[in-house]
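Below, read A as the first sequence line, B as the second, and so on, with proteins coming before strands; counting in each chain starts at 1.
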Amino acid sequence: MARDCGFEECQVLKTHGCGQLRAEHAGEQVTLAGWVHRRRDHGGLVFLDLRDSTGLVQVVVHPDAAPAFEAASDVRSEYVVQVQGQVVARRDGTENPEMPTGSIEVAATSIVVLNEADTPPFPVNQETDVVEATRLRYRYLDLRRERMQRNLRLRHQVTQFIRQFMDADGFIEVETPVLGLATPEGARDYLVPSRVHPGAFYALPQSPQQWKQLLMVAGVDKYYQIARCYRDEDLRGDRQPEFTQLDVEMAFVEQEDVLDLAERLYLGLCQEVGGFTYPETFPRLTYAECMERFGTDKPDTRYGLEIHDLSGYVRNSEFQVFAKVVQEGGRVRGFAVPGAADVSRRGLDALTEVARDAGASGLVWVQFAGEGPLDGLAADDIKTPIARFFSPDDLAALGKACGAKRGDLLLIAAGPDALTSRVLDVLRRQVAEERDLADPERLDFLFVTEFPAFEWDEDGERWSAVHHLFTAPFPEDVALLESDPGAVRSNAYDLVCNGQEIASGSIRIHSRETQLAVLRTLGLTLEEAQMKFGHMLEAFRYGAPPHGGIAPGLDRTVALFAGERDIREVIAFPKTKSASDLLTGAPAGVTPEQLAEVHILLDEEARQALAARATGVHGADEDDA
RNA sequence: GGCCCCGUGGUGUAGCGGCCUAACACGCCACCCUGUCACGGUGGAGAUCGUCGGUUCGAAUCCGAUCGGGGUCGCCA
C-alpha cells in the first residue's frame with residue numbers, strides 16, 4: 001500500500017517523538033510516526049493530533065500541500081501514520097497552553113498511512129468509563145490510553161529504582177524455578193502435570209520462599225528477585241492469580257536489619273516517585289498494640305479515630321449489656337469521631353447496620369452537643385440511647401477516655417476482644433470513607449511486629465502458621481510450642497501503608513530442631529515432615545546461617561504510588577475475578593493428544609463444562625477477509 | 001463455596017408489564033466549514049434489550065436456569 005512517498009524510501013520512520021517537540025524546534029524538518037489521536041477537519045484545513053509514546057503534537061495540513069491534504073481527509077482515529085513536515089511556531093492566539101507541545105505545530109508536507117484501523121470499541125483518546133470486561137478483551141487498546149501508559153511507565157520506574165537500590169546495597173538477583181514441588185501448607189497450588197513422570201505434578205511457586213532460604217545456605221547472603229508468584233485462590237481487586245513480589249532474603253541479620261532495609265527502600269521510592277507526603281521514619285507497632293489501637297493488623301493511620309478501652313468505666317454500670325460483657329471476660333471499646341455530633345439518626349442507624357454486618361449485636365452511640373471540652377455537661381447536651389443508664393458525668397468520662405470533645409460522636413462496641421476489634425475496624429474504615437478523612441496525598445507507612453506464630457484453624461481442627469512455617473518463633477517462646485502454641489510470638493513483620501499490607505517477612509528458622517518442632521506443632525508427623533520438607537531439614541544440617549527476609553508486593557506498591565485502587569490497573573495483562581484472560585481466552589481446553597501425553601483423563605463434570613464453554617464463549621475474533 | 005450488584009445500538013447510560021415500531025450522550029457515516037485543539041453546522045445509519053426456558057392476551061421490563069463481569073464473606077501460610 002505504498003502511497004505518495006513510500007515510506008520504505010525513508011531512512012528512518014521517525015526523527016522525533018511527538019511529545020518532544022518544543023518552540024526551539026521551530027523551523028526544523030521532522031518526520032513523525034504514531035497514532036491519529038483526533039482529527040479536526042475544517043474543510044479547507046485539517047488538524048491531526050498525532051500520538052506516540054512521548055505524547056501528543058498537533059499536525060496542521062494545508063490544502064496547498066495537496067497529497068498530504070488528501071491523505072489527511074481519509075485518515076481516521078487510531079490510524080497509524082507517518083508525517084513529514086516542518087515544525088512551526090503557532091500563530092498568535094492559537095497556542096494551546098494545556099499541551100506541552102502547544103506552542104508549535106507540524107505543518108505537514110506528506111502523510112503516509114502505515115496502517116488503517118477499525119473504529120476502536122471504546123475511545124482511546126479520552127478517559128471514559130468502560131466496563132472491565134471490554135477493557136480486558138481489548139487490553140492492547142486499553143493500554144494505549146494515557147492513564148495506562150502512565151501506570152506502565154510508573155511500574156517500570158519503580159522496578160528500575162528497586163534494581164538500582166538493591167544492587168547498590170550489595171544484593172544480587174537470582175532467578176529461581178517456576179516448576180517446583182507442591183507444599184501442603186498455605187494457598188492452593190497451581191499444578192503442572194509431568195509428561196515424563198506419569199501422575200506426577202509440579203507446582204508453580206506461591207513464592208520463592210524455600211529457594212531463597214536454600215540460597216542462604218548456599219552462601220548467597222544478600223539475595224533479591226522480582227519474582228512472579230502463583231496462588232490458586234479466589235480473587236479480589238488486590239489479588240491476582242499471578243502476581244509479582246520483590247523477594248528479598250539476607251543472611252546474618254536480625255529483624256532490625258530487614259526493617260531498616262525495607263524502610264530505606266520505600267523512603268527511596270517515595271523520593272523517586274514524588275508527589276506524596278510520607279513519614280521520615282516508619283513507626284513500629286507490635287501486633288498487640290495495633291489491634292488495641294486500631295482493631296486490625298493493617299491500620300490506615302492517615303486519620304485518627306483511635307480505639308480506647310472503656311471496660312473499666314462500665315464494669316459496674318446498670319447497663320447490663322456492657323456490664324455483663326465485661327464480667328464475662330469481654331470488653332467494651334470505642335472511638336470518637338470528631339465533629340460528628342450532628343450525624344442524623346438515619347446515619348447512626350446505617351452505622352449500626354455496618355456494625356451488625358461485622359458481627360456485633362449492636363452499636364452504642366453518644367453525641368455531645370456544643371463546642372469545647374466535655375465539662376459540665378447537662379443531660380440536654382447528650383444524645384444517646386443509653387442515657388437512662390448513665391449520668392452525664394459518666395458519659396463525659398467515656399468521651400474523655402476516647403479523647404472526645406463537645407461536637408463529637410462516640411461509637412462503642414461490646415463483646416469478646418476479637419469481635420470488638422473487628423467491628424471497630426470496620427466502623428473506622430466506614431466512617432473515614434464517609435467523612436473523607438483519608439488524605440490521598442499521604443502514604444502512611446508503618447511496621448507491625450511480634451505477630452502470633454499460630455492460629456487455630458477451626459475447620460481443620462489444628463494449628464496453622466500465621467505467616468508461614470519457616471518463621472522463627474521468639475526464642476523465649478519456643479518452650480511453648482508444645483504446651484500453648486497460641487501464645488507463641490513469631491519474629492514476623494509486615495509493612496503496612498494506608499490500610500494495606502504492602503510487605504510481609506520474617507526471621508526464619510535455621511535450626512533443624514526448631515523447624516521440626518514447628519512442623520510438629522502444625523500437626524505433621526515426622527514422616528510427613530520428611531516427605532514434604534526433607535530437603536529443607538537436610539539443608540539445615542549443613543551449616544545454615546541465621547537469615548531472614550521480606551517480600552513486598554510489587555503490584556500493590558505500584559498501585560499505591562499510582563493512586564490506583566485495583567492492582568489490575570498496574571498490570572499489563574491481568575486476569576478476571578474468575579482467573580480467565582479475556583484477551584486470549586485462557587484457560588481453555590486442549591486436544592485429547594495433549595491430555596494423553598500428560599496422562600490426564602477428564603471427568604464428566606470437566607467434559608460438560610468444556611462443552612458448555614465451546615458453545616458460549618468466544619476467543620479472539622475472526623479475521624476480516 | 002455463600003451473599004449482593006450488573007449485562008439494552010460501537011461506548012456509557014435511560015426505560016423496569018402494553019404509550020418501546022426502545023430514548024439520551026459520545027462515537028460512527030455523508031455533506032458543509034481555512035485555525036481548531038472535547039472544533040462547529042446539517043442530515044443519516046446503527047440495538048429486539050447476554051443466552052435458554054417459563055409466566056402472561058402481551059416481556060427489555062416478572063420468574064427460573066445458565067453464561068460473563070464486578071463487589072463482599074470464606075479463602076489468600
Asker: Listing request: all side chain to side chain donor-acceptor pair (under 3.5 Å) pairs with a residue in residues 350-363 of chain A, at least two apart in sequence or in separate chains.
Answerer: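 For residues 350-363 of chain A: none.
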Asker: Would you mind classifying the nucleic acid contact of A:G237 as base, sugar-phosphate or nothing, using non-hydrogen atoms under 4.0 angstrom?
Answerer: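 It contacts sugar-phosphate atoms only.
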Asker: Pick base, sugar-phosphate or nothing for A:Q240, based on heavy-atom distances below 4.0 Å to the nucleic acid.
Answerer: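 Nothing: the residue A:Q240, judged by heavy atoms under 4.0 Å, touches no strand.
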Asker: Regarding A:T471, tell me which of base, sugar-phosphate or nothing describes its non-hydrogen contacts under 4.0 Å with the strands shown.
Answerer: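 Answer is nothing: A:T471 stays at 4.0 Å or more from every strand.
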Asker: Rounded to the Å, how far apart are A:D357 CG and B:C73 C1'?
Answerer: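 In whole Å, B:C73 C1' and A:D357 CG are 11 Å from each other.
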Asker: Taking C-beta and beyond as the side chain, do A:F454 and A:V518 meet within less than 4.5 Å on heavy atoms?
Answerer: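 Result yes, sub-4.5 Å side-chain heavy-atom pair found.
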Asker: Using only modelled atom types and a 3.5 angstrom limit, is any donor from either the side chain of A:R239 or the base of B:C75 paired with an acceptor on the other?
Answerer: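 Yes.
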Asker: Watson-Crick or G-U wobble partner for B:C62, using a 3.5 Å limit on both distances?
Answerer: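 Across any shown strand, B:C62 pairs with B:G54.
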Asker: How about A:H42 and A:F47: are their ring centroids closer than 6.0 Å?
Answerer: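 Yes: the rings meet the under 6.0 Å criterion.
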Asker: Would you find more than 12 non-hydrogen atoms of other residues, nucleotides or ligands less than 6.0 Å from A:R147 atom CZ?
Answerer: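 Atom CZ in A:R147 is crowded, with more than 12 foreign heavy atoms closer than 6.0 Å.
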Asker: Distances under 3.5 Å only, N/O to N/O: pair up the protein atoms with those of nucleotides 8-16 of chain B.
Answerer:
from, atom 1, to, atom 2, distance (Å)
B:G10, O2', A:P121, O, 2.7
B:U11, O4', A:P121, O, 3.1
B:G12, OP1, A:V131, N, 2.9

Asker: Mind checking side chain to side chain donor-acceptor pair (under 3.5 Å) for A:D555 and listing every partner two or more places apart, or none if nothing turns up?
Answerer: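 Listed in chain order: A:R155.
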Asker: Counting any heavy atom closer than 4.0 Å, what does A:T183 reach on the DNA or RNA strands: base, sugar-phosphate only, or nothing?
Answerer: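 Here A:T183 touches no strand at all.
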Asker: Indicate whether OP1 or OP2 belonging to B:C73 is found under 4.0 Å from a side-chain N or O atom of A:R236.
Answerer: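 Result: yes.
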Asker: Measuring from atom CG of A:D566 to atom CZ of A:R236, what distance do you get when rounded to the nearest 0.5 angstrom?
Answerer: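 Result: 12.5 Å between the selected atoms.
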Asker: I need the full list of side chain to side chain donor-acceptor pair (under 3.5 Å) pairs touching residues 125-134 of chain A, with sequence neighbours left out, sorted by first then second residue.
Answerer: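 Non-adjacent pairs meeting side chain to side chain donor-acceptor pair (under 3.5 Å): zero.
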Asker: Nearest to the side chain of A:S578 - B:U34, B:G35, B:G69?
Answerer: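 From the listed options, B:G69 comes nearest.
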Asker: Look at the side chain of A:N96 against the base of B:C37 and say whether a donor-acceptor pair falls under 3.5 Å; ignore hydrogens and angles.
Answerer: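 Yes.
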Asker: What pairs of nitrogen or oxygen atoms, one from the protein and one from nucleotides 40-47 of chain B, lie under 3.5 Å apart?
Answerer:
none

Asker: Just to confirm, is there a sub-4.0 Å distance from OP1 or OP2 of B:G71 to any side-chain nitrogen or oxygen of A:R568?
Answerer: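 Looking at the OP1 and OP2 atoms of B:G71, one of them is under 4.0 Å from a side-chain N or O of A:R568.
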Asker: Using Watson-Crick or G-U wobble geometry with both distances under 3.5 Å, which nucleotide pairs with B:G43?
Answerer: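 B:G43 is paired, partner B:C29.
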Asker: Taking 5.5 Å and 30° as the limits, would you call A:H42 and the base of B:C33 a stacked pair?
Answerer: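 Answer is no, no stack.
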Asker: Between A:S580 and B:G69, is there a side-chain N or O to OP1/OP2 distance below 4.0 Å?
Answerer: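 Result: yes.
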Asker: Is there a side-chain polar atom (N or O) of A:R38 under 4.0 Å from OP1 or OP2 of B:C39?
Answerer: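 Answer yes for this pair, as a side-chain N or O of A:R38 is under 4.0 Å from OP1 or OP2.
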Asker: For B:C24, which nucleotide is its Watson-Crick or G-U wobble mate, given both distances must be under 3.5 Å?
Answerer: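 Result: B:G12.
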Asker: Provide, to the nearest angstrom, the distance between the CD atom belonging to A:E132 and the C1' atom belonging to B:C6.
Answerer: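 Atom-to-atom, A:E132 to B:C6, this comes out as 13 Å.
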Asker: A:E249 and side chain to side chain donor-acceptor pair (under 3.5 Å): which single residue from A:Q225, A:R508, A:Q209, A:Q213 fits?
Answerer: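 With A:E249 as partner, side chain to side chain donor-acceptor pair (under 3.5 Å) holds for just one option, A:R508.
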Asker: Side chain to side chain donor-acceptor pair (under 3.5 Å): which pairs involve residues 47-68 of chain A, sequence neighbours left out?
Answerer: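 Every pair satisfying side chain to side chain donor-acceptor pair (under 3.5 Å) with a residue in residues 47-68 of chain A: A:K14-A:D52, A:H37-A:R51, A:R40-A:D49, A:R40-A:Q58, A:R51-A:E78, A:D52-A:T54, A:Q58-A:E105.
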Asker: Can you tell me whether the side chain of A:R91 and the base of B:U36 have a donor-acceptor pair closer than 3.5 Å?
Answerer: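 Result: no qualifying N/O pair found.
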Asker: Partner lookup for B:G68, please. Criteria are Watson-Crick or G-U wobble with both distances under 3.5 angstrom; report none if nothing qualifies.
Answerer: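 Its partner is B:C6 (Watson-Crick or G-U wobble, both distances under 3.5 Å).
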Asker: Between B:C29 and B:G46, how far apart are the two C1' atoms, rounded to whole Å?
Answerer: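 These two C1' atoms come out 10 Å apart once rounded.
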Asker: Give a yes/no on whether any side-chain N or O of A:R40 is located under 4.0 angstrom from OP1 or OP2 of B:C39.
Answerer: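 Yes, within the criterion.
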Asker: Inspect the surroundings of OH in A:Y202 and state if more than 12 heavy atoms from other residues, nucleotides or ligands are less than 6.0 Å away.
Answerer: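 Counting neighbours around OH of A:Y202, 12 or fewer heavy atoms of other residues, nucleotides or ligands fall under 6.0 Å, so no.
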Asker: May I ask you to say what A:R76 touches in the nucleic acid, namely base, sugar-phosphate or nothing, with a heavy-atom cut-off under 4.0 Å?
Answerer: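 Here A:R76 touches the backbone only, sparing every base.
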Asker: NA contact type, A:V466, heavy-atom cut-off 4.0 Å: base, sugar-phosphate, or nothing?
Answerer: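 Touches sugar-phosphate only.
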Asker: With a 6.0 Å cut-off on the ring centroids, do A:Y230 and A:F243 count as close?
Answerer: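 Not under 6.0 Å, so no.
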Asker: Can you tell me if A:T94 touches the phosphate of B:C37, counting only side-chain N or O atoms and a distance under 4.0 Å to OP1 or OP2?
Answerer: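 No, because none of the side-chain N or O atoms of A:T94 sits under 4.0 Å from OP1 or OP2 of B:C37.
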Asker: Identify whether any heavy atom of A:Q206 sits under 4.0 Å from a base atom; if not, whether one sits that close to sugar-phosphate; answer base, sugar-phosphate or nothing.
Answerer: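 Touches nothing.
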